[in-house]
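Here the structure is laid out as structure tokens; the discussion comes afterwards.
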Amino acid sequence: MKEHQSDWILVVDDDTSNLKMASRILCSEKMRVSCLKSGEDAIEFLKENRPDLILLDIHMPGMDGFETIAAIRGNKETSDIPVIFLTADDDSDTETRGLEAGAMDFLKKPFVPEVLLLRVRHTIDLIRLQTDLSCEVEKKTQEVTAQHEKMERISMQIVKALSGAIDAKDTYTNGHSTRVADYSKEIARRAGFSEEMQNDIYMMGLLHDVGKIGVPDAIINKPAKLTDEEYAIIQNHPVIGAKILKNITEFPKLITGARWHHERYDGKGYPDGISAEEIPKEARIIAVADAYDAMSSRRSYRDVLPQSQVRTEVEKGKGTQFDPELVEIMLNIIDEDTDYQMREK
């Protein structure tokens, strides 16, 4: 049977006989007992001591039990110490008021030894059970959080590896998907998106070109002008990308960037020919970022375009190719990049 040597009970009652009786009963069970005769003494005592349980008389001169428990609950250092009220009253209103004040239980005076011990033991065991349960929940939560963070890291590593494989299909692009993801996230931040949405858009940006997996390398890397048939195949990559990503049911919005990043604000884009607000804002963001990176990256037929030319082309697309609000954000980002660092190195 578990020993209760370490259980420390503070008894607060202005009646010396009650203190002696409670002390005798509790000490018989090898509990440690401290006795005080006023609420003021109890508050002072608790500044340096932390008992496992407080037995607190309601009717005392000076600070009564209600005032004392209010002070105990109002101090973060003592607010969680369980309190059992001692009272000779047989009044439901008093009990209700006591429970509302934060008392765990009531004990009637004069004490019945068996009842006193039972209430004290049950209260202490309950508090310990709650504490153990709380610790276990916190431990499990930390484990789940750590596991979730690990899975998120693994997922991001897989996505980055996949985006790298996509970019590797094109001889003339290096890190295109990562740059588009970075630019998209920054545009989203400046557009007022939450941090969670910024991270979602980053992920969409990484996979916006995933459909190019279904496009032959010979077409992607063809240095000469594409035929109409070849261009039609290239234009199908958003549809292919959406088909691939729709199977990721835990992140249904992931298809947004892949399917609609080639739509135009004026409705003349592909594959669906939607316009303006019909195009999800995430896709409108990625469209600006994608076009910017295409101009600030090398191609088989040209080098990186001068920043001034890139800026002119972005501004020219305002309201036609791109969302006007997002163009303004992109132009601000370009203007802040005085050393033209935002380009393929």
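Every value quoted in this text rests on a predicted model; they were computed, and no experiment measured them.
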If you round to the nearest 0.5 Å, how far is OG1 of Thr123 from CG of Asp52? 12.0 Å
Under 6.0 Å from the ring centre and within 45 degrees of the ring axis: does the NZ or CZ of Arg284 meet both conditions for the six-membered ring of Phe322? no
Among residues at least two apart in sequence or on other chains, which ones pass side chain to side chain donor-acceptor pair (under 3.5 Å) with Asp228? none
Please name all residues satisfying side chain to side chain donor-acceptor pair (under 3.5 Å) with Thr78, sequence neighbours left out, ordered by chain then number. none
Spell out, yes or no, whether Ile285 and Ile334 are grouped together once hydrophobic residues are joined by side-chain heavy atoms under 4.5 Å, including indirect joins. yes
From Ile201 atom CD1 to Lys281 atom NZ, the distance as rounded to the nearest 0.5 Å: 9.0 Å
Count the heavy atoms belonging to other residues, nucleotides or ligands that lie under 6.0 Å from NZ of Lys222, then report whether that count exceeds 12. yes
Spacing of CG belonging to Leu117 relative to CD1 belonging to Ile25, to within rounding of 0.5 Å: 6.5 Å
My understanding is that only one of Arg32, Lys30, Arg128 makes a salt bridge (Lys or Arg N to Asp or Glu O under 4.0 Å) with Asp7; could you say which? Arg128
Got more than 12 heavy atoms from elsewhere within 6.0 Å of CD, Glu195? no
Return the minimal non-hydrogen interatomic distance between Asp57 and Met60, and the atom names on each side. O-CE, 3.5 Å
Single-linkage hydrophobic cluster Met104~Ile124, side-chain heavy atoms < 4.5 angstrom: no
d(Tyr202 OH, Asp182 CG) to nearest 0.5 Å is 5.0 Å
Residue Glu143 excluded, over 12 heavy atoms near CD under 6.0 Å: yes
Looking at CD1 of Ile43 and CG of Asn75, how far apart are the two atoms once the value is rounded to the nearest 0.5 Å? 8.0 Å
For Glu263 and Gly269, work out which heavy atoms get closest and say how close. OE1-C, 3.6 Å
Is it true that Leu207 and Ile213 fall in one hydrophobic cluster, defined by side-chain heavy atoms closer than 4.5 Å? yes
Once you round to the nearest 0.5 Å, how far does CG of Asp15 lie from NZ of Lys109? 6.5 Å
Would you please name every residue forming a side chain to side chain donor-acceptor pair (under 3.5 Å) with Asp80, sequence neighbours left out? Arg50
Is the distance between the ring centroids of His176 and His208 under 6.0 Å? yes
May I ask whether Ile54 and Leu99 are part of the same hydrophobic cluster, defined by side-chain heavy atoms of I, L, V, M, F, W, Y residues being less than 4.5 angstrom apart, directly or through others? yes
Note: Lys47-Glu44 ion pair, threshold 4.0 Å (strictly below): yes
Salt bridge present between Asp303 and Arg298 (N-O < 4.0 angstrom): yes
Please work out which of the three classes, parallel, tilted or perpendicular, describes the rings of Phe106 and Phe85, given edges at 30° and 60°. tilted
